[in-house]
Amino acid sequence: MIARINPFAALEDIGRRRFILGSGALLSASAVALLAGRPALAAEYGKKKGADTQSDVRILNTALGAELEAIAAYGVGAGSGLLQKPALDLALQFQGQHKEHADVLAKTVRKLGGTPTEAKARYEFPTDQLKTQADVLGFAAGLEKGAVSAYLGAVPLFRERELAKAAASILGDEAMHWAILRQALGENPVPAAFVA
Amino acid sequence: MRCGLAVALLAAQCSIAAASTSVPGDPARGAAIYDRCTACHALAYNRTGPKHCGLFGRRAGSVPGFDYSPAMAQAKFTWNAETLDRFLKNPGRTVPGTTMGYAGIADPRERADLIAWLRQATTESPDCRRH
């Protein structure tokens, strides 16, 4: 049995933590800086804390935007009539997992005081190039491969280490999607020891 | 004499450094590197990131219909090999506030390859010719 986990569970109270402990620490640091006769340093410290959170929110929102697009893409694939079982079941399962990613990313953005990116009213996909099941699976595999690279490029940027860990958890899931799609296409599911 | 030798050595070092940074990129290798961009970008249409057709010579933050970050919308540079190299090395440092949440490509050779591919693909590919 596979246990369902929430990679962002450690962040459930991050907003509160930053609000209570974070602001407490900020006040202490500000007080220390003011006591040291350096109000400019105190102001800079406060600005830096805010900038860290804003940076994390921007990264999370970009990831959320990509997840929302993936949900729409799998919707197009599943509704195309080109996918037969069991590929159709896979597409719906993967779409469900992208929805879980999107939900938790949106919640985390809110906890950090940001506004989550919303799904676009309309997405552009190369539907004129999707004529067979293999075309749809290949398109999905390309999106998943790109998503792996995107999360890999985002992980080192998070100021909050727990966010980096949670993003790496999503990266692992998307790498599995990519491998399964390659397998379904008759390709080597794991073509290299490293992803880039 | 010693001063002259030092200048000559410095000039030689500079020319070696210049040569190492001006290695022409390989577009074939760049195509594979572009796969990393495809979570958010496409050549011919806007996605989470803006489309790339027509990239060279375009002012940053100016693709019609794309919702840029304020930072990129206000950027005052034009995309060319030099600005792309700087941005791809570290997007967040080059344009602080960009929504491109990507650490960047540290290897100068990989950046050169990607830029060489972008130069071809954004002008000559069928996708870009159609749009």
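Please read these numbers as outputs of a predicted model, since none were measured by experiment. In what follows, chains are A, B, ... by sequence order, proteins preceding strands, each numbered from 1.
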Is a side-chain donor-acceptor pair under 3.5 Å present for A/His177 with A/Gln93? no
Go through the atoms of A/Gln129 and report whether side chain, backbone, both or neither lie under 4.5 Å from a heavy atom of chain B. side chain
Tell me, please, which residues at least two apart from B/Trp117 pass ring-ring contact (aromatic ring centres under 6.0 Å, His included). B/Tyr34
Distance, nearest 0.5 Å, that separates CG of A/Asp89 from NZ of A/Lys85: 3.5 Å
Do B/Asp35 and B/Thr38 have side-chain atoms, one donor and one acceptor, less than 3.5 Å apart? no
Tell me, please, which residues at least two apart from B/Phe87 pass ring-ring contact (aromatic ring centres under 6.0 Å, His included). B/Trp79
Strictly less than 4.5 Å between heavy atoms, which residues of residues 88-103 of chain B line up against chain A? Please order them by number. B/Gly97, B/Thr98, B/Thr99, B/Gly101, B/Tyr102, B/Ala103
Remaining members of the apolar cluster that contains A/Val155, side-chain heavy atoms under 4.5 Å: none
